[in-house]
K.L.:
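Sharing a structure below in structure tokens format, with a few things to ask.
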Amino acid sequence: MRRVELLTTFRWLKVDAPPGIYQIMPTVNLVVGADLMRKYLPKDFERFAGVIEYSHFKNVGHLIVCMRDDESNWPDDLSSEKILYLWMLFIDWTLQDSWLVKDNCFICEIAYCRLSGATFGGWSSNSIKAQASAADGNTQSYVTFDEEDLKVWEQRSLQLRTRLHETGYTIFTPVVSKETSRFARFLSFVQIARCSSHPAMKIAQMCSALESLFSTTTTELTHRLSERVAFFLGGPPHQMESNYQLVKKAYSVRSQITHGAHISKATANFAPELSGEMFKLLRGIAFKVLDGEDAASVVYGSNDFIEEYFRKRLFFK
């Protein structure tokens, strides 16, 4: 009988949750608890992965697996290499969506597929080379997810991937094409920001993410974007003014970066904190788009619609 076993771990993730199996997205399940984890380690895993990898997977505190109920998802004519490649797309999406819960630098260093009961069975391994760094640029920082965090991860990821699917997003659509929505481009720039190594570079990409959602002209760009972000997120006047000033400060950093200048020592000192605040702001925008149809209609609207929306917000408060 044909059997597919897929497993990996996320480096720098600590899990503080009761033993159990937590689905993050279809085919991506997080296993917690030593007894459960042993059930998902293939018997010959140590022989093929090696003592070092076996020890890591045995003691890391969690496993990421594809449940056996999902084996039918993989066509019978696929080799272990192709099955693993497809699974890694789901793994990559899971990692990309993790910023919606907490700032982190998780990475999938290596994943395995064991295919048995097929004429082209055997073991395969693969990895995701691109790594996100935390807002301050740190790439070696543990972040703890508790049970509630895992639930939010699943809910937000499902929400996000459903929205992208409903608006025509596919992995084959170039992010710069006309067919790609503003929101999909926004998320692409967020991911580029997460993978940038320096906080100032992250800030520059986050400004591009904001432009993807709200820009309709290059005139008075800093003021317009800062104002539109403040209006879009709303809240009491002091919070709107704070968001306005935050985006303006981010654009001052971006201006230095995009024009090829070095950043001052003062900018380098406050960039990590500013980067963290900007990620919180972008997370708030993403939630507003995902949770409200009115907010979503703005970022999916035409340039004229966006212009009219913010003009009314300005004059008809």
Side-chain angles (χ1 to χ4, degrees), residues 1-15 21-98 104-132 139-140 145 150 153-154 157-158 161 165 169-173 191 194-195:
M1 181 179 176
R2 184 175 184 269
R3 184 177 177 185
V4 176
E5 296 171 87
L6 292 154
L7 70 155
T8 187
T9 65
F10 292 160
R11 180 76 75 173
W12 309 118
L13 167 64
K14 282 188 176 182
V15 181
I21 299 173
Y22 303 87
Q23 185 181 72
I24 308 301
M25 70 167 55
T27 78
V28 180
N29 305 273
L30 191 146
V31 181
V32 182
D35 292 339
L36 271 174
M37 289 170 60
R38 277 194 292 271
K39 294 180 180 180
Y40 285 92
L41 284 176
K43 293 180 180 179
D44 54 352
F45 182 63
E46 182 177 6
R47 174 187 170 195
F48 285 93
V51 175
I52 294 176
E53 287 297 332
Y54 174 75
S55 178
H56 172 68
F57 274 67
K58 185 179 178 182
N59 299 306
V60 71
H62 74 275
L63 291 177
I64 308 296
V65 305
C66 177
M67 300 299 291
R68 287 168 189 153
D69 292 343
D70 291 329
E71 288 182 6
S72 59
N73 291 339
W74 312 110
D76 291 339
D77 59 345
L78 292 184
S79 64
S80 61
E81 291 89 349
K82 291 181 179 179
I83 291 173
L84 183 56
Y85 175 80
L86 291 173
W87 191 54
M88 295 297 278
L89 294 176
F90 288 90
I91 295 295
D92 192 27
W93 291 335
T94 303
L95 289 172
Q96 288 183 34
D97 299 348
S98 64
N104 68 79
C105 58
F106 301 156
I107 185 173
C108 175
E109 292 180 320
I110 192 163
Y112 294 94
C113 175
R114 181 179 186 270
L115 178 60
S116 56
T119 56
F120 41 74
W123 282 87
S124 296
S125 63
N126 207 332
S127 62
I128 296 176
K129 301 300 182 184
Q131 179 185 4
T139 59
Q140 298 183 4
F145 275 33
L150 297 178
W153 198 355
E154 177 192 11
S157 190
L158 175 62
R161 296 296 153 182
H165 174 73
Y169 171 82
T170 75
I171 60 173
F172 304 108
T173 307
Q191 187 60 18
R194 294 186 68 226
C195 291

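None of the values given here were measured: they were computed from a predicted structure.
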K.L.:
Could you walk me through whether Cys113 and Trp87 pass the side chain to side chain contact (heavy atoms under 4.5 Å, CB included) check?
P.N.:
CA-CA 9 Å; Cys113 175; Trp87 191 54; over 6 Å; no
K.L.:
Roughly how far apart are Leu63 CG and Leu6 CG, rounded to 0.5 Å?
P.N.:
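So the gap between those two atoms works out to 12.5 Å.
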K.L.:
Could you measure the distance from the CG atom of Asn104 to the NZ atom of Lys14? Nearest 0.5 Å is fine.
P.N.:
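Here the interatomic distance stands at 14.5 Å.
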K.L.:
Check the pair Glu109, Ser127 against side chain to side chain contact (heavy atoms under 4.5 Å, CB included), reporting the backbone distance first and the verdict last.
P.N.:
CA-CA 5 Å; Glu109 292 180 320; Ser127 62; 5.7 Å; no
K.L.:
Do side-chain atoms of Asp92 reach the backbone of Met88 as a donor and acceptor pair under 3.5 angstrom?
P.N.:
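Pair absent, no side-chain N/O of Asp92 close to backbone of Met88.
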K.L.:
The test is side chain to side chain contact (heavy atoms under 4.5 Å, CB included); show your working for His62 and Leu13 and say whether it passes.
P.N.:
CA-CA 9 Å; His62 74 275; Leu13 167 64; 4.0 Å; yes
K.L.:
Test Ser157 against every option in Asp97, Val28, Thr94 by the side chain to side chain contact (heavy atoms under 4.5 Å, CB included) rule and name the one that passes.
P.N.:
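Only one of Asp97, Val28, Thr94 forms a side chain to side chain contact (heavy atoms under 4.5 Å, CB included) with Ser157, namely Asp97.
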K.L.:
What residues, two or more places apart in sequence or in another chain, satisfy ring-ring contact (aromatic ring centres under 6.0 Å, His included) together with Tyr112?
P.N.:
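With neighbours one apart ignored, the set is Phe45, Phe57.
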K.L.:
Atom CD1 in Ile21, atom CG in Asn29: separation rounded to 0.5 Å?
P.N.:
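Result: 7.0 Å between the selected atoms.
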K.L.:
Nearest 0.5 Å, what's the OG-CH2 distance between Ser80 and Trp123?
P.N.:
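Reported value, rounded in 0.5 Å steps: 10.0 Å.
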K.L.:
Regarding Asp44 and Arg114, does a basic nitrogen lie under 4.0 Å from an acidic carboxylate oxygen?
P.N.:
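A salt bridge is present here (some side-chain N lies under 4.0 Å from a carboxylate O).
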K.L.:
Measuring from atom NZ of Lys58 to atom CE of Met37, what distance do you get when rounded to the nearest 0.5 angstrom?
P.N.:
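If I round to the nearest 0.5 Å, the distance is 10.0 Å.
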K.L.:
May I ask you to test the Val32-Leu30 pair for a side-chain heavy-atom distance under 4.5 Å?
P.N.:
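The answer is yes, as the side chains (C-beta and beyond) meet within the 4.5 Å cut-off.
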K.L.:
Does the gap between the ring centers of Trp93 and Phe90 come in under 6.0 Å?
P.N.:
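Yes, the ring of Trp93 comes within the 6.0 Å limit of the ring of Phe90, centre to centre.
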K.L.:
Give the C-alpha distance, both sets of side-chain angles, the deciding distance and a yes or no for side chain to side chain contact (heavy atoms under 4.5 Å, CB included) between Thr170 and Thr173.
P.N.:
CA-CA 5 Å; Thr170 75; Thr173 307; 2.9 Å; yes
K.L.:
Leu115 pairs by side chain to side chain contact (heavy atoms under 4.5 Å, CB included) with which of Arg2, Glu5, Glu81, Lys82?
P.N.:
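Considering Arg2, Glu5, Glu81, Lys82, a side chain to side chain contact (heavy atoms under 4.5 Å, CB included) with Leu115 is found only for Arg2.
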K.L.:
Nearest 0.5 Å, please: how far is OG1 in Thr8 from CD1 in Ile107?
P.N.:
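One gets 10.0 Å once the value is rounded to the nearest 0.5 Å.
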K.L.:
Identify which one of Trp12, Phe106, Phe10, Tyr22 satisfies the ring-ring contact (aromatic ring centres under 6.0 Å, His included) criterion when paired with Phe145.
P.N.:
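Going through Trp12, Phe106, Phe10, Tyr22 one by one, the ring-ring contact (aromatic ring centres under 6.0 Å, His included) with Phe145 is satisfied by Phe106 alone.
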K.L.:
Quick one: closest heavy-atom pair of Arg194 and Ser98, and the distance?
P.N.:
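That would be NH2-OG, 3.6 Å.
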